[in-house]
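Working notes, beginning with the structure itself.
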Amino acid sequence: MGEPEGPLDEPAVIWRYFAGRSRYRSDVIVGIGDDAAVTRAEAGWDLVTATDAIFEGIHYPPGIPAAAIGHRALAVNLSDLAAMGAEPLWCTLALSLPTADPRWLEGFANGFFALAERYGTALIGGDTVRGPQGASVTVQGRVRPGTQVLRSGAQPGHGVWVTGTFGDALAGRLPQDPAGSPVCTYLRDRFLFPEPRVQMGRSLTRRASAMLDVSDGLHVDLTRITAASGVGAELDASAVPLSSDLRALAGERALEYALTGGDDYELCFTVPAGQEADLPALASGCGVPVTRIGTIIAGTEVRWCRNGQAFPVPESSFRHF
Ligand code: ADP
Ligand code: MG
(Lines give C-alpha, C1' and ligand atoms only; values in the text may rest on other atoms or scores of the structure.)
(Ligands and ions follow the chains in the order given, each with its own letter.)
Protein backbone atom coordinates (compact mmCIF):
# COMPACT_ATOMS: atom_id res chain seq x y z
CA MET A 1 0.00 0.00 0.00
CA GLY A 2 3.02 2.30 -0.37
CA GLU A 3 3.47 2.76 3.40
CA PRO A 4 6.60 4.68 4.35
CA GLU A 5 9.06 2.57 6.32
CA GLY A 6 10.31 4.92 9.03
CA PRO A 7 8.55 6.50 12.00
CA LEU A 8 6.48 9.61 11.31
CA ASP A 9 6.54 13.04 12.92
CA GLU A 10 3.55 14.35 14.87
CA PRO A 11 1.84 16.43 12.15
CA ALA A 12 2.14 13.51 9.74
CA VAL A 13 0.48 11.21 12.27
CA ILE A 14 -2.35 13.66 12.87
CA TRP A 15 -3.05 14.43 9.24
CA ARG A 16 -2.62 11.01 7.76
CA TYR A 17 -4.33 8.85 10.34
CA PHE A 18 -6.79 11.08 12.13
CA ALA A 19 -7.66 14.37 10.42
CA GLY A 20 -7.56 12.68 7.03
CA ARG A 21 -9.98 9.99 8.12
CA SER A 22 -12.43 11.91 10.28
CA ARG A 23 -16.01 12.23 9.06
CA TYR A 24 -17.70 15.20 10.55
CA ARG A 25 -21.31 15.68 11.45
CA SER A 26 -23.23 18.81 10.53
CA ASP A 27 -22.97 19.96 14.17
CA VAL A 28 -19.15 20.09 13.94
CA ILE A 29 -18.34 23.69 13.04
CA VAL A 30 -14.53 23.39 13.37
CA GLY A 31 -12.87 19.98 13.49
CA ILE A 32 -9.23 18.88 13.64
CA GLY A 33 -6.61 21.46 12.62
CA ASP A 34 -7.15 24.56 14.68
CA ASP A 35 -6.43 25.27 18.34
CA ALA A 36 -9.71 23.77 19.48
CA ALA A 37 -12.85 22.23 18.04
CA VAL A 38 -16.18 24.03 17.84
CA THR A 39 -19.44 22.11 18.00
CA ARG A 40 -23.01 23.32 17.97
CA ALA A 41 -24.94 22.75 21.17
CA GLU A 42 -28.67 22.58 20.53
CA ALA A 43 -31.34 23.94 22.81
CA GLY A 44 -33.37 21.28 24.56
CA TRP A 45 -30.50 18.89 25.24
CA ASP A 46 -28.01 18.38 28.07
CA LEU A 47 -24.43 17.35 27.32
CA VAL A 48 -22.93 14.20 28.80
CA THR A 49 -19.12 13.76 28.93
CA ALA A 50 -16.96 10.74 29.77
CA THR A 51 -13.19 10.14 29.66
CA ASP A 52 -11.35 6.85 29.96
CA ALA A 53 -7.70 6.10 29.26
CA ILE A 54 -6.24 2.71 28.41
CA PHE A 55 -2.53 1.88 28.67
CA GLU A 56 -0.54 -1.11 27.53
CA GLY A 57 0.30 -3.52 30.33
CA ILE A 58 -2.34 -1.99 32.60
CA HIS A 59 -5.62 -2.13 30.68
CA TYR A 60 -4.61 -4.46 27.88
CA PRO A 61 -1.75 -6.93 27.42
CA PRO A 62 1.20 -6.14 25.16
CA GLY A 63 0.95 -7.56 21.66
CA ILE A 64 -2.80 -7.43 21.00
CA PRO A 65 -3.75 -6.15 17.52
CA ALA A 66 -3.58 -2.39 17.03
CA ALA A 67 -7.16 -2.43 15.66
CA ALA A 68 -8.35 -3.87 18.98
CA ILE A 69 -6.62 -1.05 20.88
CA GLY A 70 -8.22 1.61 18.64
CA HIS A 71 -11.59 -0.06 19.05
CA ARG A 72 -11.26 -0.44 22.81
CA ALA A 73 -10.10 3.14 23.43
CA LEU A 74 -13.39 4.38 22.02
CA ALA A 75 -15.60 1.44 23.05
CA VAL A 76 -15.00 1.87 26.78
CA ASN A 77 -16.10 5.50 26.49
CA LEU A 78 -19.15 4.79 24.33
CA SER A 79 -20.06 2.17 26.92
CA ASP A 80 -19.97 4.82 29.67
CA LEU A 81 -22.22 7.06 27.62
CA ALA A 82 -24.58 4.16 26.90
CA ALA A 83 -24.80 3.54 30.65
CA MET A 84 -26.12 7.10 31.08
CA GLY A 85 -28.64 6.62 28.29
CA ALA A 86 -26.86 9.21 26.14
CA GLU A 87 -26.54 9.54 22.37
CA PRO A 88 -22.83 9.89 21.46
CA LEU A 89 -21.92 12.87 19.25
CA TRP A 90 -18.23 13.81 19.32
CA CYS A 91 -14.94 12.56 20.70
CA THR A 92 -11.31 13.59 21.18
CA LEU A 93 -8.28 11.32 21.31
CA ALA A 94 -5.02 11.85 23.22
CA LEU A 95 -2.62 9.26 21.87
CA SER A 96 0.69 8.39 23.49
CA LEU A 97 3.19 6.29 21.53
CA PRO A 98 6.83 5.31 22.00
CA THR A 99 7.32 5.42 18.21
CA ALA A 100 4.99 6.34 15.35
CA ASP A 101 4.92 3.04 13.47
CA PRO A 102 2.80 3.43 10.30
CA ARG A 103 1.56 -0.15 10.36
CA TRP A 104 0.43 0.12 13.97
CA LEU A 105 -1.21 3.50 13.36
CA GLU A 106 -3.09 2.16 10.36
CA GLY A 107 -4.48 -0.71 12.44
CA PHE A 108 -5.33 1.56 15.37
CA ALA A 109 -7.16 4.04 13.12
CA ASN A 110 -9.05 1.23 11.37
CA GLY A 111 -10.35 -0.09 14.69
CA PHE A 112 -11.15 3.38 16.00
CA PHE A 113 -12.99 4.70 12.96
CA ALA A 114 -14.94 1.52 12.25
CA LEU A 115 -16.55 1.90 15.67
CA ALA A 116 -16.87 5.71 15.49
CA GLU A 117 -18.72 5.44 12.19
CA ARG A 118 -21.00 2.69 13.45
CA TYR A 119 -22.31 5.06 16.11
CA GLY A 120 -22.08 8.33 14.16
CA THR A 121 -19.44 9.78 16.49
CA ALA A 122 -17.06 12.37 15.00
CA LEU A 123 -13.40 12.64 16.07
CA ILE A 124 -12.96 16.40 16.42
CA GLY A 125 -9.54 16.78 18.03
CA GLY A 126 -6.91 15.39 20.30
CA ASP A 127 -3.24 15.33 21.07
CA THR A 128 -0.34 13.16 19.94
CA VAL A 129 2.60 12.69 22.28
CA ARG A 130 5.61 10.45 22.74
CA GLY A 131 5.37 8.16 25.77
CA PRO A 132 4.22 4.70 26.86
CA GLN A 133 1.65 3.20 24.48
CA GLY A 134 -1.84 4.28 25.46
CA ALA A 135 -4.87 6.30 24.45
CA SER A 136 -7.20 8.58 26.36
CA VAL A 137 -10.54 9.31 24.73
CA THR A 138 -13.17 11.83 25.76
CA VAL A 139 -16.68 11.34 24.37
CA GLN A 140 -19.50 13.82 24.48
CA GLY A 141 -23.11 12.94 23.97
CA ARG A 142 -26.54 14.27 24.77
CA VAL A 143 -29.72 13.45 26.63
CA ARG A 144 -33.04 15.17 26.97
CA PRO A 145 -32.90 17.15 30.24
CA GLY A 146 -33.55 14.95 33.24
CA THR A 147 -33.53 11.64 31.34
CA GLN A 148 -29.96 10.55 32.16
CA VAL A 149 -29.88 7.23 34.02
CA LEU A 150 -27.74 7.31 37.18
CA ARG A 151 -26.53 4.52 39.45
CA SER A 152 -28.57 5.81 42.33
CA GLY A 153 -32.21 5.24 41.40
CA ALA A 154 -32.77 1.56 42.24
CA GLN A 155 -35.58 0.85 44.72
CA PRO A 156 -36.82 -2.30 46.47
CA GLY A 157 -38.97 -4.37 44.12
CA HIS A 158 -37.23 -3.21 40.93
CA GLY A 159 -35.98 -5.99 38.68
CA VAL A 160 -32.24 -6.38 38.03
CA TRP A 161 -31.48 -6.89 34.35
CA VAL A 162 -28.38 -7.35 32.19
CA THR A 163 -27.60 -7.29 28.48
CA GLY A 164 -25.63 -10.00 26.68
CA THR A 165 -23.52 -12.65 28.39
CA PHE A 166 -20.81 -12.46 31.05
CA GLY A 167 -17.33 -13.90 31.49
CA ASP A 168 -16.53 -14.17 27.78
CA ALA A 169 -13.96 -11.37 27.79
CA LEU A 170 -12.09 -12.89 30.71
CA ALA A 171 -11.86 -16.20 28.87
CA GLY A 172 -10.91 -14.34 25.69
CA ARG A 173 -7.91 -12.69 27.24
CA LEU A 174 -6.37 -15.94 28.48
CA PRO A 175 -3.20 -16.91 26.61
CA GLN A 176 -4.85 -20.33 26.05
CA ASP A 177 -7.78 -22.34 27.39
CA PRO A 178 -7.37 -24.60 30.46
CA ALA A 179 -6.68 -27.55 28.12
CA GLY A 180 -3.79 -25.69 26.50
CA SER A 181 -5.52 -24.98 23.16
CA PRO A 182 -6.00 -21.53 21.62
CA VAL A 183 -9.12 -19.76 22.87
CA CYS A 184 -11.89 -19.75 20.23
CA THR A 185 -12.41 -16.68 18.04
CA TYR A 186 -15.78 -15.81 19.55
CA LEU A 187 -14.37 -15.46 23.07
CA ARG A 188 -11.19 -13.80 21.82
CA ASP A 189 -13.25 -11.20 19.94
CA ARG A 190 -15.42 -10.58 22.97
CA PHE A 191 -12.24 -9.45 24.70
CA LEU A 192 -10.61 -7.66 21.77
CA PHE A 193 -13.68 -5.94 20.31
CA PRO A 194 -16.30 -5.31 23.02
CA GLU A 195 -19.48 -3.85 21.54
CA PRO A 196 -20.81 -0.88 23.52
CA ARG A 197 -24.58 -1.20 24.04
CA VAL A 198 -25.34 2.26 22.70
CA GLN A 199 -28.84 1.65 21.29
CA MET A 200 -29.99 -0.30 24.30
CA GLY A 201 -28.68 2.31 26.72
CA ARG A 202 -30.48 5.08 24.86
CA SER A 203 -33.73 3.19 24.77
CA LEU A 204 -33.66 2.75 28.57
CA THR A 205 -33.74 6.47 29.40
CA ARG A 206 -37.36 6.61 30.48
CA ARG A 207 -37.42 3.06 31.75
CA ALA A 208 -34.40 2.11 33.87
CA SER A 209 -34.20 3.44 37.42
CA ALA A 210 -30.43 2.83 37.65
CA MET A 211 -27.77 1.66 35.23
CA LEU A 212 -24.03 1.16 34.73
CA ASP A 213 -21.78 -0.63 32.31
CA VAL A 214 -19.96 -3.68 33.66
CA SER A 215 -16.23 -3.19 33.30
CA ASP A 216 -14.82 -4.65 36.52
CA GLY A 217 -17.03 -7.72 36.99
CA LEU A 218 -20.77 -8.28 37.37
CA HIS A 219 -20.78 -8.73 41.14
CA VAL A 220 -18.52 -5.78 41.95
CA ASP A 221 -20.30 -3.47 39.54
CA LEU A 222 -23.72 -4.50 40.85
CA THR A 223 -22.63 -3.50 44.34
CA ARG A 224 -21.90 -0.04 42.91
CA ILE A 225 -25.57 0.30 41.93
CA THR A 226 -26.80 -0.96 45.30
CA ALA A 227 -24.34 1.24 47.23
CA ALA A 228 -25.26 4.34 45.21
CA SER A 229 -28.96 3.60 45.60
CA GLY A 230 -28.86 2.62 49.30
CA VAL A 231 -30.47 -0.77 48.66
CA GLY A 232 -29.59 -4.47 48.54
CA ALA A 233 -30.23 -7.14 45.92
CA GLU A 234 -31.22 -10.79 45.76
CA LEU A 235 -29.75 -12.43 42.69
CA ASP A 236 -30.16 -15.79 41.01
CA ALA A 237 -26.73 -17.04 39.97
CA SER A 238 -28.28 -19.66 37.69
CA ALA A 239 -29.98 -16.89 35.70
CA VAL A 240 -26.70 -15.17 34.80
CA PRO A 241 -26.43 -15.49 31.01
CA LEU A 242 -23.43 -17.55 29.86
CA SER A 243 -22.38 -18.16 26.27
CA SER A 244 -22.07 -21.75 25.08
CA ASP A 245 -18.43 -21.06 24.21
CA LEU A 246 -17.71 -19.96 27.78
CA ARG A 247 -19.47 -23.05 29.16
CA ALA A 248 -17.40 -25.23 26.86
CA LEU A 249 -14.16 -23.57 27.94
CA ALA A 250 -14.74 -23.10 31.65
CA GLY A 251 -17.17 -25.91 32.56
CA GLU A 252 -17.99 -25.75 36.28
CA ARG A 253 -16.07 -22.48 36.60
CA ALA A 254 -18.11 -20.59 33.99
CA LEU A 255 -20.15 -18.82 36.65
CA GLU A 256 -17.01 -17.75 38.47
CA TYR A 257 -15.76 -16.21 35.22
CA ALA A 258 -19.10 -14.46 34.75
CA LEU A 259 -19.39 -12.99 38.25
CA THR A 260 -15.79 -11.92 38.76
CA GLY A 261 -14.29 -11.43 35.29
CA GLY A 262 -14.15 -7.90 33.93
CA ASP A 263 -14.16 -6.23 30.51
CA ASP A 264 -17.69 -7.40 29.65
CA TYR A 265 -18.98 -3.92 28.72
CA GLU A 266 -22.54 -5.14 29.08
CA LEU A 267 -25.19 -3.00 30.76
CA CYS A 268 -26.63 -3.80 34.18
CA PHE A 269 -29.82 -1.92 35.05
CA THR A 270 -32.86 -1.90 37.27
CA VAL A 271 -36.47 -1.49 36.16
CA PRO A 272 -39.70 -0.89 38.10
CA ALA A 273 -41.96 -3.95 38.05
CA GLY A 274 -44.65 -2.40 35.86
CA GLN A 275 -42.17 -1.68 33.08
CA GLU A 276 -40.51 -5.05 32.61
CA ALA A 277 -42.93 -6.94 30.39
CA ASP A 278 -41.82 -5.67 27.00
CA LEU A 279 -38.11 -5.31 27.82
CA PRO A 280 -37.07 -8.38 25.81
CA ALA A 281 -38.88 -7.03 22.75
CA LEU A 282 -37.34 -3.59 23.23
CA ALA A 283 -33.91 -5.20 23.54
CA SER A 284 -34.30 -7.38 20.51
CA GLY A 285 -35.09 -4.24 18.54
CA CYS A 286 -31.66 -3.06 19.70
CA GLY A 287 -30.03 -6.32 18.64
CA VAL A 288 -29.09 -7.50 22.12
CA PRO A 289 -30.62 -10.06 24.48
CA VAL A 290 -31.58 -9.06 28.03
CA THR A 291 -32.02 -11.27 31.08
CA ARG A 292 -33.57 -10.67 34.48
CA ILE A 293 -31.15 -11.89 37.15
CA GLY A 294 -32.77 -10.74 40.38
CA THR A 295 -34.63 -8.17 42.43
CA ILE A 296 -33.67 -5.11 44.43
CA ILE A 297 -34.42 -5.50 48.17
CA ALA A 298 -34.31 -3.25 51.21
CA GLY A 299 -31.09 -3.22 53.22
CA THR A 300 -27.55 -3.24 51.88
CA GLU A 301 -26.81 -6.90 51.27
CA VAL A 302 -26.11 -8.26 47.78
CA ARG A 303 -27.06 -11.95 48.01
CA TRP A 304 -26.58 -14.57 45.31
CA CYS A 305 -28.42 -17.87 45.43
CA ARG A 306 -28.53 -20.95 43.22
CA ASN A 307 -31.24 -23.61 43.35
CA GLY A 308 -32.59 -22.09 46.54
CA GLN A 309 -29.18 -22.21 48.28
CA ALA A 310 -26.92 -19.29 49.13
CA PHE A 311 -24.19 -19.02 46.54
CA PRO A 312 -21.04 -17.34 47.84
CA VAL A 313 -19.39 -15.17 45.20
CA PRO A 314 -15.95 -16.63 44.56
CA GLU A 315 -13.06 -14.34 45.35
CA SER A 316 -11.74 -13.10 42.06
CA SER A 317 -8.78 -15.33 41.30
CA PHE A 318 -8.15 -13.56 38.02
CA ARG A 319 -5.64 -10.75 37.89
CA HIS A 320 -5.97 -8.22 35.12
CA PHE A 321 -2.49 -8.50 33.61
P1 ADP B 1 -1.81 22.43 19.52
O2 ADP B 1 -0.36 22.50 19.80
O3 ADP B 1 -2.48 23.72 19.18
O4 ADP B 1 -2.54 21.65 20.56
P5 ADP B 1 -1.54 20.08 17.90
O6 ADP B 1 -0.43 20.06 16.92
O7 ADP B 1 -1.40 19.31 19.15
O8 ADP B 1 -1.93 21.59 18.17
O9 ADP B 1 -2.85 19.58 17.17
C10 ADP B 1 -3.24 20.10 15.94
C11 ADP B 1 -4.65 19.67 15.65
O12 ADP B 1 -4.70 18.27 15.56
C13 ADP B 1 -5.65 20.06 16.73
O14 ADP B 1 -6.87 20.32 16.09
C15 ADP B 1 -5.77 18.82 17.57
O16 ADP B 1 -7.03 18.75 18.21
C17 ADP B 1 -5.61 17.75 16.49
N18 ADP B 1 -5.04 16.48 16.98
C19 ADP B 1 -3.81 16.24 17.51
N20 ADP B 1 -3.65 14.94 17.79
C21 ADP B 1 -4.79 14.32 17.44
C22 ADP B 1 -5.25 12.99 17.48
N23 ADP B 1 -4.51 11.97 17.97
N24 ADP B 1 -6.51 12.73 17.03
C25 ADP B 1 -7.28 13.71 16.56
N26 ADP B 1 -6.90 14.99 16.48
C27 ADP B 1 -5.68 15.30 16.91
MG1 MG C 1 -1.75 19.71 21.16
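The basis for the numbers below is simple: all heavy atoms, side chains too, and nothing from hydrogens, waters or symmetry mates. In each ligand, atom 1 is the first atom listed, and ligand 1 is the first ligand listed.
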With only distance considered, is L123 within less than 3.5 Å of ligand 1 through an N or O on each side?
-> no
Does V143 offer a backbone N or O that forms a donor-acceptor pair with the side chain of T147 under 3.5 Å?
-> no
Closest to atom 7 (O) of ligand 1 (judged by heavy-atom distance), picking from T92, D127, I32 = D127
Heavy-atom side-chain contact between L235 and L222 under 4.5 Å = yes
Near F18, which atoms of ligand 1 are under 4.0 Å from a heavy atom of that residue?
-> 23 (N), 24 (N), 25 (C)
Considering T128, D35, D34, I124, which one's heavy-atom position lies nearest to atom 3 (O) of ligand 1?
-> D35
Near G125, which atoms of ligand 1 are under 4.0 Å from a heavy atom of that residue?
-> 16 (O), 24 (N), 25 (C), 26 (N), 27 (C)
Verify, without hydrogens or angle tests, whether R130 (side chain) and P98 (backbone) share a donor-acceptor contact under 3.5 angstrom.
-> yes
Where the side chain of D263 meets the backbone of A169, is there a donor-acceptor pair that is under 3.5 Å apart?
-> no
Within the side chain of S229, is there an N or O that forms a donor-acceptor pair under 3.5 Å with the backbone of R151?
-> yes
